[in-house]
Amino acid sequence: MDKYKEIIPEFKKFQKKIKTEQPHDIRINNLKASKETVKKSLNKEEIKFEERRWNEKFLKLNSNPSKTIAHWLGEFYIQESSSGIPPLALKPKPQDHILDMCAAPGSKTTQISAMLKNRGNIIANDINSNRIRALLSNLYRLGCLNTQVTKKDARNFSEDHKFDKILLDAPCSGEGNVRNQKDLLNGAEQHEIEKISNLQEKLLEKAFKLCKEGGTIIYSTCTFSPKENELIVSKFLEKGKLEKPKFKFDHCPGITEWKNETLDEELKKCVRVYPHQLDSGGIFVAKFKK
Amino acid sequence: MQNLKNKVKTYFQNRFNVEEKFWNNRNFYEKGNSIWMASQKVDQRKDSLASGIRTLRYIGGKVKPTTYILQILDEKIKKNIKRLNGKEAEILILERKPIEASFDPGYVALKLEGKVIGCGLMSYQNELKTQISKNRTKELQEILQ
């Protein structure tokens, strides 16, 4: 990841962290269980845990909890805590009509569903049949009643109805998952980045068409590449106003300089989180108000 | 829709003694030989594959509760509950064989370690069989073994 040396702060810490195993994080599913209930279940299975101080819904575990009854019953969802950030930025409300454009397998959809306490109306969309099966399975297991699933290429989503809030957690090169995918230690291949950034731009363009005036769009990726992050966001600064989410945890602003090119100052309102900041994965978030 | 709601309320009241108020603020619709339940504001798009959760399946002119709804109901179920001990769980779930029980014929909520895990079927021959789907059972088997 040397190519990102100039944009990642405390680069040596970052390099050291990405060579370590990612912790096992879980998100308490308040639709089915309280934190106390989940802690009791983990204690029974002799799985040690600690609180994620910056998000009370997450616990960091010392081992994989997938083979437990509590997991089978949907009392918690195995989810990197960094990936829990985009729904926080979305701030869903029960009266919102919400679209999760690339939802499968459903970590953020189920998180939004739980944040709304099963109220409201969420459309969870994905293009891939196998991933939709996983999405449905997760929605049922976690007891999500406020969600309906559609199977479409999000670029062709009907514009008959518009949405108050849209989450576009875009397909990306996934560099933020490097702790689980060591083949990414040198970063993603440039041709992959180029290819996927075209798709990301089209998806964000569609998000703007699907969003009501005054509505909110969250564009997020789990990659470090500015080509997939700030350079995509910069193409839409005239369509929507960027808002800086108010996060209290350790994070960095969006970058305003890349490969000797100066970018719009507004991009500082984006959020970058690196693995060494929250001891999790990497995430990028941009919040637009249309 | 009101008919479907009444059907669901009546079934769960009679068989499992679930209070009526649980079903407030819920919408019901039919799809794929089943009754589904979703939150009140879910607007049933024509292009949706599924909304909410499958609650009752139609089988041979009768209805069967799904594992998912029984898990959601959990402590709200007050009747026809089979609390499985370790040996019974082994036979019923790991071996998928019937166990002896004494309930009125019909569906029963299976409880393990204090939590409802799914649906069983009580026959006229005093036999209780699991109705948890094979896929979900396979996952549970890996946990219990």
Side-chain angles (χ1 to χ4, degrees), chain A residues 29 31-33 37-38 40-41 44-45 65-75 93-99 103-104 113 116-126 129 132-133 135-152 156-158 160-161 163-164, chain B residues 8 22-29 31-32 34 36-55 66-76 84 86 89 93 109-118 132-133 135-145:
Chain A
N29 177 29
L31 297 180
K32 284 244 183 141
T37 305
V38 172
K40 270 189 195 150
S41 300
K44 207 169 169 186
E45 301 282 348
S66 59
K67 300 246 188 285
T68 59
I69 294 208
H71 177 255
W72 188 80
L73 285 171
E75 293 183 356
K93 302 269 183 306
Q95 62 269 30
D96 292 331
H97 199 199
I98 298 170
L99 172 63
S113 176
L116 290 173
K117 297 180 182 159
N118 255 340
R119 295 167 299 172
N121 185 13
I122 305 165
I123 314 297
N125 179 73
D126 209 273
S129 297
I132 289 231
R133 261 194 285 277
L135 169 62
L136 285 167
S137 171
N138 284 323
L139 289 170
Y140 301 153
R141 182 171 61 87
L142 269 72
C144 299
L145 300 176
N146 57 357
T147 308
Q148 48 187 321
V149 173
T150 56
K151 178 178 173 292
K152 291 179 191 308
N156 301 330
F157 209 89
S158 163
D160 288 348
H161 300 282
F163 296 87
D164 300 293
Chain B
V8 171
F22 173 80
W23 312 102
N24 291 348
N25 303 320
R26 305 278 184 240
N27 283 346
F28 296 86
Y29 66 99
K31 185 170 177 147
S34 302
W36 294 68
M37 176 175 76
S39 302
Q40 206 167 40
K41 290 227 159 92
V42 170
D43 61 356
Q44 297 307 323
R45 291 171 64 105
K46 283 188 186 146
D47 56 358
S48 84
L49 300 179
S51 304
I53 290 190
R54 196 192 311 255
T55 301
T66 62
T67 284
Y68 288 119
I69 192 62
L70 291 180
Q71 287 177 1
I72 288 173
L73 288 168
D74 196 33
E75 284 169 1
K76 295 175 182 61
L84 298 167
I93 295 166
L110 301 174
K111 237 181 176 175
L112 186 65
E113 297 177 12
K115 296 174 189 175
V116 171
I117 59 165
I132 301 173
S133 73
N135 278 344
R136 291 232 77 208
T137 300
K138 197 172 165 208
E139 295 162 2
L140 193 50
Q141 284 167 339
E142 287 170 19
I143 294 166
L144 294 178
Q145 264 164 355

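The structure presented is a predicted model; accordingly, all values stated were derived computationally and were not measured. Convention: sequence-line order gives letters A, B, ...; per-chain numbering from 1.
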>> Using the ring pair (Phe, Tyr, Trp, His ring centres under 6.0 Å) criterion, which residues pair with B:W23? Sequence neighbours excluded.
In response: B:F12
> How close do A:S113 and A:L31 get, heavy atom to heavy atom, and via which atoms?
Replying inline: OG-CD1, 3.7 Å
> Can you tell me if B:Q40 and B:N24 form a side-chain donor-acceptor pair at under 3.5 Å?
Replying inline: no
>> Does any backbone or side-chain atom of A:H71 lie under 4.5 Å from a heavy atom of chain B? Answer side chain, backbone, both or neither.
In response: neither
> What part of A:E75 is in contact with chain B, defined as an atom under 4.5 angstrom from a non-hydrogen atom: side chain, backbone, both or neither?
Replying inline: side chain
>> Just to verify, what does B:Q44 make a side chain to side chain contact (heavy atoms under 4.5 Å, CB included) with, not counting sequence neighbours?
In response: B:Y29, B:A38, B:V42, B:S51
> Under 4.5 Å between any side-chain heavy atoms of B:Y68 and B:M37, yes or no?
Replying inline: no
> Measuring heavy-atom distances to chain B, does A:I132 have an atom under 4.5 Å in its side chain, in its backbone, in both, or in neither?
Replying inline: side chain
> What part of B:I117 lies closer than 4.5 angstrom to a heavy atom of chain A: side chain, backbone, both or neither?
Replying inline: both
>> Counting heavy-atom pairs under 4.5 Å with chain A, which one of B:K41, B:E139, B:R45 comes out on top?
In response: B:R45
> Where does A:L136 contact chain B at under 4.5 Å (heavy atoms): side chain, backbone, both or neither?
Replying inline: side chain
> Between A:L139, A:T68, A:I123, which residue shows the highest count of heavy-atom pairs closer than 4.5 Å to chain B?
Replying inline: A:T68
>> What part of B:R136 gets within 4.5 angstrom of chain A, counting heavy atoms only: side chain, backbone, both, or neither?
In response: both
>> Quick one about B:R54 and B:S34 (side-chain donor to acceptor, distance below 3.5 Å, no hydrogens or angles considered), yes or no?
In response: yes
> Between the side chains of A:T37 and B:K115, does any donor sit under 3.5 Å from an acceptor?
Replying inline: no
>> At a heavy-atom distance under 4.5 Å, which candidate from A:R141, A:K32, A:Q95 has the highest pair count against chain B?
In response: A:R141
